[in-house]
Amino acid sequence: MERLSNLFGLDRDALGTLFAGLGEPAYRAQQVYAWLYEKRASSLEQMTDLPKGLRERLAATHEVRWPRVTDRAVSSDGTVKYLFTLDDGATIESVFIPEERRRTICISTQAGCPLKCAFCLTGIGGYKRNLKPWEILGQVAVVMSDAAPDPMPWNIVIMGMGEPLLNYDATVASLRILMDAEGFGVSPRKLTLSTVGILPALEKLMLEPVRPNLAISLHASNKALRRELMPIEEKYAIEDVIAAAQRYPIPSGGVVTYEYVLLGGVNDTMAHARQLALLLRGSRAKVNLIPLNPAPEIPFLPPTPAAVEAFSR
């Protein structure tokens, strides 16, 4: 059975075109936009300031659809891992992380990942497709709707499955709605996009009128090692990625974050730490050290606590 068209994921322009085609006044598009993203209505019936006749006309061709949750795994610290099954059977994951002073949602932009980083379970599992804007935004809507009412701000990190800049159009369309004060209302300072450094797309992102924070997946302190761990190094060299990151206009004077997964005996020595410090010297930067979370499919071991401490120092 063919699904109805989804209102969720449409931006102002698309909604404006839809309602103009229905012969409705332009303000209807703004009403529905607010219901979809600011109020996060999950059905047309909830849009109570729309005339009943209009809701019935819309319901004949359109629905409000979020990704379907097929599993919630709750850990002892309150972290929730969501498994979503999409219309075509593809699956993606999101994570809700409650903290003392903020709440964070980690979302995906692709089903799987084509980059094949040697230490990444998503890359090892293979790539299926890019996500659509409603599938990206729907992860946020579901997690926010599940959460208890709380005045704490939301942080969103685009660090889940996939490389967001390889799905540029859908990712940026989603970012615009997330950061829109009349959409999800997430401050650009509270939203971070993580990328390996797809340079043409990163340059394009710099020109967006509103941009998120930037995190660079580095994971090595020299070209040769990064090439072994991350095949993308063959196309976009580490020094060029760092140079582009240094030009990126971070919101409100923040800093670029460099993510570095520590692999036992591979990239976690004092020599690697010194190389990394030299590589980033002169940058306004923060380094996020991440000890490997091991899995049977990943051909690496986590670092020892002593190695993590020494590298961090």
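These numbers come from a predicted model, not from an experiment.
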If you take all heavy atoms of Glu45 and Arg55, which pair is closest and at what distance?
O-NH1, 3.6 Å

Could you pull out the closest heavy-atom pair between Phe184 and Leu178, with the gap in Å?
CB-O, 3.6 Å

Apply side chain to side chain contact (heavy atoms under 4.5 Å, CB included) to residues Asp180 and Arg12 and explain how you reach the verdict.
CA-CA 11 Å; Asp180 186 347; Arg12 279 193 179 85; 2.5 Å; yes

Within a strict 4.5 Å, meaning less than it, do heavy atoms of the Ser145 and Trp66 side chains meet?
yes

Between His219 and Phe119, how do the two ring planes meet: parallel, tilted or perpendicular, split at 30° and 60°?
perpendicular

Under a 4.0 Å threshold between the charged nitrogen and the carboxylate oxygen, would Glu208 count as salt-bridged to Arg211?
no

In a table with atom names and distances, give each donor-acceptor pair under 3.5 Å that connects a side chain of residues 286-301 to protein atoms at least two apart or in another chain.
none

List the atom of Val261, the atom of Asn267, and the distance in Å for their closest heavy-atom pair.
O-ND2, 2.8 Å

Nearest 0.5 Å, please: how far is OH in Tyr168 from CG in Leu205?
5.0 Å

Under 3.5 Å, is there a donor-acceptor pair between the Thr109 and Glu163 side chains?
no

In terms of relative ring orientation, are Phe96 and Trp154 parallel, tilted or perpendicular, with 30° and 60° separating the classes?
tilted

Any side-chain heavy-atom pair of Glu259 and Met159 under 4.5 Å:
yes

In terms of ring plane angle, is the pair Tyr82 and Phe84 parallel, tilted or perpendicular, where the classes change at 30° and 60°?
parallel

Using side-chain heavy atoms (C-beta onward) and a distance below 4.5 Å, is Asp146 in contact with Val80?
no

Which pairs would a plain distance check flag for residues 234-250, meaning a side-chain donor or acceptor within less than 3.5 Å of a matching protein atom at least two apart in sequence or in another chain?
from: Glu234; atom 1: OE2; to: Arg227; atom 2: NE; distance (Å): 3.3
from: Gln246; atom 1: NE2; to: Ser283; atom 2: OG; distance (Å): 2.5
from: Arg247; atom 1: NH2; to: Glu203; atom 2: OE1; distance (Å): 3.2
from: Arg247; atom 1: NH2; to: Glu203; atom 2: OE2; distance (Å): 2.1
from: Tyr248; atom 1: OH; to: Pro212; atom 2: O; distance (Å): 2.7

Leu83 backbone acceptor or donor facing Thr70 side chain under 3.5 Å:
yes

Working for side chain to side chain contact (heavy atoms under 4.5 Å, CB included), residues Met47 and Gln31:
CA-CA 8 Å; Met47 301 181 186; Gln31 283 180 295; over 6 Å; no

Could you tell me whether Asp11 and Arg176 have a side-chain N and a carboxylate O separated by less than 4.0 Å?
no

Just wondering, more than 12 heavy atoms not from Lys52 lying within 6.0 Å of its NZ?
no

Has Asp268 got a side-chain atom pairing as donor or acceptor with Phe311's backbone, closer than 3.5 angstrom?
no

